[in-house]
Amino acid sequence: MVVGGGGREHAICWKLVQSPGVQKLWCAPGNGGIAALAECIDLAAENVDGIVAFSRENQMDLVVVGPEVPLAMGLVDELEKSGIRAFGPNKACARLEASKAFTKQFLERHRIPTAGYKEYTELETLKKDLGIFGWPMVIKADGLAAGKGVIIAETEEEALKAMEEIMGDRVFGQSGDRVVVEEYLEGIEASVLCFVDENTIVPMEPAQDYKRIFDGDKGPNTGGMGTYSPSLIFDDELKERIRKEILEPTLKGFQEDGLRFRGVLFVGLMIREGAPKVIEFNNRFGDPETQSILPRLESDLLEIFLAVTENRLADLRIRWSDRRAVCVVMAAGGYPGPYQKGQKIEGLDEVDQDVLVFHAGTGSAIHGDRREIITAGGRVLGVTALGATHEEAREKAYRNVQKIHFEGAQYRKDIGMLI
Ligand code: AMP
Ligand code: GLY
């Protein structure tokens, strides 16, 4: 069973059903696209008790947890207590995403390159430190905030507003009990997702994500408006530096600190003049990185998941395709602000045979005697195309995006273009 219902989980399900070892797949709660691959169960990803009970009743052989919230709630610990095998880090390890301060302390303790930082628990103290690392000022709510808890303030006014909202008004609730302020890093971002067990860390192919809503990296941050893989800025030298300066010290750090991490570690990097620094850790597959990474995976994903849960990752040779992938996200009009749901999606049958349309916020509705796919979230679809070259993949992704229609649809025109 896969837990979650976004584009990432659709990509995971799509890859898993190709494994000969998968006899039956469930997904909780799934979405309109996943329903074609798995039996969708009406259980929210955060319903820990419900998921544990369902997994026991149906004798689940493996549960793969997609999103960060159930991981931070300890879903994996609860499943394991019930004797159910689960893929994803336990609650102690999930703090690497659930607390930015925890991660900054970890990085500092293990001398892993990252931005300088300071922690705050009092609004008054925070306000006194306006521009402490210069401008722009990077202000982060410590806890989970669905990708919206980071504010890059250009002016004193913006910084004060962010501080008031996070620590005063608690717009992110308890996630704003603590704030982390960081040095601003310049450079090019890349996402390196890694399979990790207690002895081994294996990077997947690198990807680049586009977080802002508008072309040219303008407008507010979103969950991610598109990705491509492999990242065009990677060469062997950079890969080696990331391995030596970041991945190996991280694994060693986990071992020294007694963090028994098994799952996916998402390393968000800023790269400047060939030097990588960690911006953040997430403890799960990225969304929408997964939609451009997994289509390039040649190995059996179930085998990898099982190996990670048994600390056998070192025995595997994970194979990747040389083909390039570009994923363009189609979002509802208004996203990341308020948006409409329930719009009919047309043209899904017209996309090229070899183009993958991963559903994120979709549902289905019965209309007369037909089942229609309708919008049900902010990020609605991820359209992934593969090609022998990066340009071919990008051109194909956009050609197919234009075949799909729903009212108010918006997407960036520069995915895979702006590096
Ligand atoms: P995070 O949720 O920590 O990944 O932050 C969201 C986004 O904010 C990142 O993907 C970066 O684009 C940006 N960001 C976060 N921290 C920094 C930093 N120290 N310097 C520059 N940009 C940052
Ligand atoms: N695409 C960024 C994330 O999954 O956090």
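In listed order, ligands and their atoms are each counted from 1.
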Going by heavy atoms, is Gly286 under 4.0 Å from ligand 2? yes

I need the Leu251 CG to Ile246 CD1 distance, nearest 0.5 Å. 14.0 Å

Rounded distance (nearest 0.5 Å) linking atom CG of Leu265 with atom CE of Met204: 9.5 Å

Under 6.0 Å from the CD atom of Glu248, do we count more than 12 heavy atoms belonging to anything else shown? yes

Specify the protein heavy atom at minimum distance from atom 9 (C) of ligand 1: its residue, its atom name, and the distance to 0.1 Å. Glu189 OE1, 3.6 Å

Within the supplied structure, the quantity of interest is the number of heavy atoms (other residues, nucleotides, ligands) at a distance under 6.0 Å from Gln105 CD; does it exceed 12? yes

For Asn221, is at least one N or O under 3.5 Å away from an N or O on ligand 1? no

Nearest non-hydrogen protein atom to atom 2 (C) of ligand 2, with distance, is Asp209 OD2, 3.5 Å

Between Ile279 and ligand 1, does any nitrogen or oxygen pair lie at a separation below 3.5 Å? no

Does Glu183 come within less than 4.0 angstrom of ligand 1, counting non-hydrogen atoms of the residue? yes

Could you check whether Lys104 makes a cation-pi contact with Phe106, meaning its NZ or CZ is under 6.0 Å from the centre of the six-membered ring and within 45° of the ring axis? no

What residue and heavy atom of the protein are closest to atom 20 (N) of ligand 1, and at what distance? Leu185 N, 2.8 Å

Among Glu97, Arg284, Lys211, which residue places a heavy atom closest to atom 3 (C) of ligand 2? Arg284

Would you tabulate the side-chain donor-acceptor contacts of residues 327-338 under 3.5 Å, counting partners in other chains and residues two or more places apart, or write 'none'?
unit_1	atom_1	unit_2	atom_2	d
Tyr335	OH	Gly223	N	3.0

Does Ser191 come within less than 4.0 angstrom of ligand 2, counting non-hydrogen atoms of the residue? no

